[in-house]
Amino acid sequence: LDQNSSALAQLPLGSVVAESFIYALKDVDGDASYATLSISVKTVDTTAPSVVLSMSDQALKLGESAVVTFTFSEAITGFDLSDVTVDNGTLSNLQTADGGKTWTATFTATANVEDASNTISVKDGSYTDLAGNIGTGNSIHYAIDNVAPNSGTTAITVDNITADNVVNGQEAKDNVLVTGKVSGEFQVGDVVTLILNGKSYLTQVINAAGDYSAFVKGSDLVADNDHVLEASVAAHDLAGNVGIVGTQKGYGVDVSVDPA
């Protein structure tokens, strides 16, 4: 039986090759006796298993989770969550549906994290294949931004409602252009809401400088109970998280003055 035989090398793992040999033993008088020698060889798996990781989402924002898939080169055993290291989050619900070759788990990010360099890693030597060969590790990288714009990252301001920030008799009869600016984290097109006298006026951030404007009724400026305009922006960050940031702008009213 040639151990270097190509036929032997191509046998499936677990195969048994058997050969029988007849040999003769002679005594000093030349008399011979015969016997049979049987030899069997079983192929053995000596290849270390490996793993590749993938994620359903490698750029997680607020409210998102991801499915992590561990695809092994063959069915393995001895694998659990203690064999995996995770940055800025946790894994749960580890399971396999194909006998141990493919495993999945749910990744949940830690709250209030902005980090573009995170890693999930399977440790070297943390699992074996069914033949007992020790497996090799691997890793995958992902980004997390689950912090929505807030008053610490974004601001909205309102310019004087009128030239002198006092609504006069003529302005009370007209539409008044309210202007202002958004700064910090925001995107062009973010919606700005102005509230006066219980009414909402909607507009948008129109450029990268954060400018916005909207016409409001002078009569609403006059009728508003406390003469305070409320302004807010639904600001988006680059990851797509959205947060509401607001401010107030007080103004005066003197309709006895009518430049017209």
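Small disclaimer: the values here were computed from a predicted structure and weren't measured.
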When clusters are formed from ILVMFWY side-chain contacts under 4.5 Å, directly or step by step, what else is grouped with V122?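 Same cluster as V122: V51, L53, M55, L60, V68, F70, F72, I76, F79, L81, V84, V86, L91, L94, W103, F107, V113, I120, Y127, I140, Y142, I144.
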Restricting to pairs with a member in residues 246-255, which pass side chain to side chain donor-acceptor pair (under 3.5 Å), not counting sequence neighbours?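 Applying side chain to side chain donor-acceptor pair (under 3.5 Å) to every pair that reaches into residues 246-255, excluding sequence neighbours, yields N160-K249, D254-S256.
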Considering only heavy atoms from C-beta outward, does the side chain of V147 approach that of L62 to under 4.5 Å?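 Side-chain contact under 4.5 Å: no.
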Checking T136 against D124: is there a side-chain donor and acceptor pair closer than 3.5 Å?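 Distance-only check fails for D124 and T136.
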Is it the case that the side chains of D220 and N197 hold a donor-acceptor pair, with the cut-off being a distance below 3.5 Å and no angle test?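 Present: a donor and an acceptor within the cut-off.
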Are the side chain of [X] and the backbone N or O of [Y] linked by a donor-acceptor pair below 3.5 Å?
X: D174; Y: E171; value: no
X: T110; Y: G89; value: yes
X: H141; Y: S117; value: no

Is it the case that more than 12 heavy atoms not belonging to K123 sit under 6.0 Å from its NZ atom?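 Counting other residues, nucleotides and ligands, NZ of K123 exceeds 12 neighbours.
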Counting heavy atoms not belonging to D80, are there more than 12 under 6.0 Å from its CG?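 Enclosed: over 12 neighbouring heavy atoms sit under 6.0 Å from CG of D80.
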Taking all non-hydrogen atoms of both residues, which atom of K61 and which atom of N241 are closest, and how far apart?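 That would be CB-OD1, 3.2 Å.
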Trace of the side chain to side chain contact (heavy atoms under 4.5 Å, CB included) decision for Y212 with I156: CA-CA 10 Å; Y212 70 87; I156 181 171; 3.9 Å; yes
